[in-house]
Amino acid sequence: MKRLIHAALLGLALVTSAQGAIDTYEFRDEAERERYRTLTEELRCPKCQNQNIADSNAPIAMDLRQEIFRMLEEGQSNEQIVDYLVERYGDFVRYKPPMNAKTMLLWYGPVALLVLGFGVLAVILVRRRRFENAPASHTLSETERERLAKLLDKKEP
């Protein structure tokens, strides 16, 4: 019986905490609601790092959702809101950062590492083929061949 009561209390606590993270804002029209949803889904939470502002329950994400709502109420454009957040938190808050000198490594780094990896793999394979296809007389020095011949009890021609 005690287990049942504990399970019910735990379930009740989980339900109330999950409902506490839902934001309720009054929008003027459906277009403004859509703008809010779009902005909160395309901006990254500075604390969670891999969640957007809409999905994050971090306190900073709640503050940013409230700030976005406030800026929408003031009539600011999406670009102004994004520029404000980028100025405050850097290009990190965007899932698609712009192409500039600071983000060049972010855009081309993975491709460069992939090309470098294929280059190293090609060099290793070419060296291995050369070594496997080379006759023993080219890979061994004269003293090594003599020593090998003695070990095999053969004389070199």
Side-chain angles (χ1 to χ4, degrees), residues 10-11 13-15 17-23 25 27 30-72 74 76-157:
L10 179 63
L14 291 175
V15 168
S17 67
Q19 289 179 350
I22 298 172
D23 295 326
Y25 296 117
F27 296 98
E30 194 59 36
E32 190 172 285
R33 180 184 309 276
E34 185 62 28
R35 282 181 59 205
Y36 175 81
R37 188 187 62 75
T38 302
L39 283 168
T40 57
E41 287 179 355
E42 73 181 24
L43 294 170
R44 185 189 321 240
C45 174
K47 182 178 180 185
C48 304
Q49 298 184 2
N50 206 17
Q51 267 187 322
N52 58 26
I53 294 172
D55 294 337
S56 176
N57 289 328
I60 192 166
M62 289 185 252
D63 291 342
L64 289 175
R65 287 192 298 264
Q66 185 176 1
E67 187 69 17
I68 290 171
F69 177 74
R70 182 190 63 77
M71 294 172 90
L72 282 173
E74 291 175 359
Q76 294 188 20
S77 69
N78 289 3
E79 292 80 24
Q80 289 173 320
I81 295 171
V82 170
D83 289 343
Y84 170 77
L85 292 174
V86 167
E87 180 183 321
R88 203 163 172 197
Y89 298 103
D91 283 326
F92 178 76
V93 296
R94 294 175 142 182
Y95 275 113
K96 297 176 187 173
M99 179 76 72
N100 60 31
K102 290 191 284 186
T103 60
M104 196 70 70
L105 182 64
L106 179 67
W107 282 100
Y108 295 116
V111 174
L113 286 175
L114 188 65
V115 168
L116 180 68
F118 280 125
V120 168
L121 182 65
V123 167
I124 290 171
L125 291 175
V126 166
R127 284 185 180 176
R128 182 177 290 171
R129 278 198 194 127
R130 282 185 190 164
F131 182 74
E132 289 174 355
N133 293 338
S137 62
H138 292 301
T139 58
L140 299 176
S141 68
E142 184 65 33
T143 57
E144 290 172 332
R145 276 189 265 137
E146 288 175 8
R147 184 169 176 230
L148 181 61
K150 284 181 185 177
L151 288 172
L152 295 174
D153 289 326
K154 290 185 178 179
K155 292 193 177 185
E156 181 118 341

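Small disclaimer: the values here were computed from a predicted structure and weren't measured.
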Quiz item: Between E142 and R145, does at least one N-O distance fall below 4.0 Å, as a salt bridge requires?
Solution: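 A salt bridge links E142 with R145.
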
Exercise. Salt-bridge test for E146 and K150: reply yes if a basic N is under 4.0 Å from a carboxylate O, no otherwise.
Key: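 The answer is no: the pair does not qualify as a salt bridge.
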
Exercise. Could you note down all residue pairs passing salt bridge (Lys or Arg N to Asp or Glu O under 4.0 Å) where residues 38-49 supplies at least one of them, sequence neighbours left out?
Key: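 For residues 38-49: R37-E41.
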
Quiz item: Quick check: does any side chain N or O of T38 sit under 3.5 Å from a backbone N or O of E34, one acting as donor and the other as acceptor?
Solution: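 Present.
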
Minimum heavy-atom distance between [X] and [Y], given as atom pair plus value:
X: A61; Y: I53; result: O-CG2, 3.5 Å
X: Y89; Y: P46; result: CD2-CG, 3.9 Å
X: Q76; Y: I81; result: O-CD1, 4.1 Å
X: M99; Y: M104; result: SD-SD, 4.0 Å

Can you establish whether the number of heavy atoms outside [X] located under 6.0 Å from its atom [atom1] is more than 12?
X: R70; atom1: CZ; result: yes
X: E87; atom1: CD; result: no
X: L121; atom1: CG; result: yes
X: Y95; atom1: OH; result: yes

Quiz prompt | side chain to side chain donor-acceptor pair (under 3.5 Å) against Q51, all qualifying residues, sequence neighbours excluded | solution =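 Partners of Q51 under the side chain to side chain donor-acceptor pair (under 3.5 Å) test: none.
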
Quiz prompt | Set of residues satisfying side chain to side chain donor-acceptor pair (under 3.5 Å) with respect to N50, sequence neighbours excluded | solution =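 By the side chain to side chain donor-acceptor pair (under 3.5 Å) rule, N50 matches no residue at all.
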
Quiz item: From N57 CG over to C48 SG, what is the distance, rounded to the nearest 0.5 angstrom?
Solution: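 N57 CG to C48 SG: 8.0 Å, rounded to 0.5 Å.
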
Practice problem: Over 60° means perpendicular and under 30° means parallel, so classify the ring planes of Y25 and F69, tilted if in between. | Solution: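 Plane angle under 30°, so parallel.
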
